[in-house]
Amino acid sequence: MEKMPYQPDLDRPMTIAKTGSDVTSDWREALPVLTGSRVMLRELELSDAASLFAMLTPEEVSRFISPPPTTVEGFERFITWACAERAAGQYACYAVVPHGMTTAIGLFQVRQLEPGFATAEWGFAIGSEYWGSGMFIDGARMVVDFAIETLGVRRLEARATVANGRGNGALRKLGAQQEGVLRRSFLKNGVHLDQMLWSILNEEWRQAKAVWGNGVLH
Ligand SMILES: CC(C)(COP(=O)(O)OP(=O)(O)OC[C@H]1O[C@@H](n2cnc3c(N)ncnc32)[C@H](O)[C@@H]1OP(=O)(O)O)[C@@H](O)C(=O)NCCC(=O)NCCS
């Protein structure tokens, strides 16, 4: 999702409004910790700002996504904003922490596209030294599962710039369905780029999970 992870404008003062959604879970109080085979996913902490700055600002990571904050302080403001949005029940952002480490090497986020999360959009970015390590798929499966089973997402969308080979490859590998091209939908460096639209439906996900959950697909 190219409009995330850094939207909306982080320098703008936040108004926190309850949505009136019927999502019932204490995830609004604090995100549950999710533990996979390679990574742990947990709530963002202010102390993640420096490592996220180091991981997500290099050109190879940020070239296809909205510009990340340009300072550690900017990441601190983003983390504060993310926690407030979670408390408001409209957004969830997970830090990716490899086993054996305490610092975040990336993030996954999910935002509602309508009150109540039935339709939502997700996005992700991790430091390039961890690409191809299996950490993405480990974390991604847990986040999709969290979105569907806890947030109540029925349709989970992702957008990836057509030229983003890894982003599109990662979504395909996860089992997302490619729905089409959103022409000239993403403004990057003054140029409007085409994006692929991907989706995962809750019933498809549950079927797929029954397969890989039994060790058939890794
Ligand atoms: C997107 C991201 C989180 C995926 O993590 P990752 O560790 O690179 O993902 P993986 O290596 O598990 O999967 C990527 C897949 O795309 C494939 N791939 C790589 N380049 C590709 C290309 N040019 N065309 C098609 N597929 C490609 C890889 O081979 C891999 O598939 P495989 O495991 O079957 O070989 C990571 O690349 C990233 O942070 N990128 C920068 C931020 C970003 O673009 N976010 C996505 C916005 S939608």
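Just follow the structure's listing: the first ligand is 1, and inside any ligand the first atom is 1.
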Exercise. Taking atom CG of L31 and atom CG of L44, what is their separation to the nearest 0.5 Å?
Worked result: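 One finds 8.5 Å between CG of L31 and CG of L44.
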
Between [X] and [Y], which heavy-atom pair has the shortest distance, and what is it?
| X | Y | result |
| --- | --- | --- |
| T35 | M142 | C-SD, 3.4 Å |
| V97 | M101 | CG1-O, 3.2 Å |
| Q90 | W27 | N-CH2, 4.1 Å |

Among [options], which one puts a heavy atom closest to [atom]?
| atom | options | answer |
| --- | --- | --- |
| atom 28 (C) of ligand 1 | M55, R166, M196 | R166 |
| atom 23 (N) of ligand 1 | G127, P68, G165, G167 | G165 |
| atom 46 (C) of ligand 1 | Y130, F124, F108 | F124 |

Problem set entry | salt_bridge(R86, E43) N-O dist < 4.0 Å |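 Yes, R86 and E43 are salt-bridged.
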
Examine ligand 1 and decide if any of its atoms is less than 4.0 Å from a heavy atom belonging to [X].
| X | answer |
| --- | --- |
| R172 | no |
| G123 | no |
| I137 | no |

Which atoms of ligand 1 sit under 4.0 Å from any heavy atom of [X]?
| X | result |
| --- | --- |
| A125 | 39 (O), 42 (C) |
| R159 | 48 (S) |
| N164 | 43 (C), 44 (O), 46 (C), 47 (C) |
| K173 | 10 (P), 12 (O), 13 (O), 31 (O), 32 (P), 33 (O), 34 (O) |

Exercise. Of all residues at least two apart in sequence or in a different chain, which pass the ring-ring contact (aromatic ring centres under 6.0 Å, His included) check with F146?
Worked result: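 Testing F146 for ring-ring contact (aromatic ring centres under 6.0 Å, His included), a comparison that skips the adjacent residues, returns Y94.
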
Exercise. Looking only at distance, does E60 have an N or O less than 3.5 Å from an N or O of ligand 1?
Worked result: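 Looking only at distances, the answer is no, because the N/O contact criterion of under 3.5 Å is not met.
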
Problem set entry | Check: F64 N/O within less than 3.5 Å of ligand 1 N/O |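 Such a contact does not occur with ligand 1.
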
For this session: For ligand 1, note which part of F136 has a heavy atom under 4.0 Å away: side chain, backbone, both or neither.
Result: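 Under 4.0 Å from ligand 1, F136 contributes side-chain atoms alone.
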
Problem set entry | Verdict with reasoning, R63 to K188, per side-chain contact (heavy atoms from CB on, under 4.5 Å) | CA-CA 8 Å; R63 60 189 290 219; K188 183 75 181 183; 5.5 Å; no

Exercise. Would a 4.5 Å heavy-atom cut-off, applied to side chains only, mark L174 and I137 as touching?
Worked result: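 In short, these two side chains touch, coming nearer than 4.5 Å.
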
For this session: Examine W131 and V39 and state if one hydrophobic cluster contains both, with Ile, Leu, Val, Met, Phe, Trp and Tyr joined whenever side-chain heavy atoms are less than 4.5 Å apart.
Result: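 Per the 4.5 Å side-chain linkage, W131 and V39 are co-clustered.
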
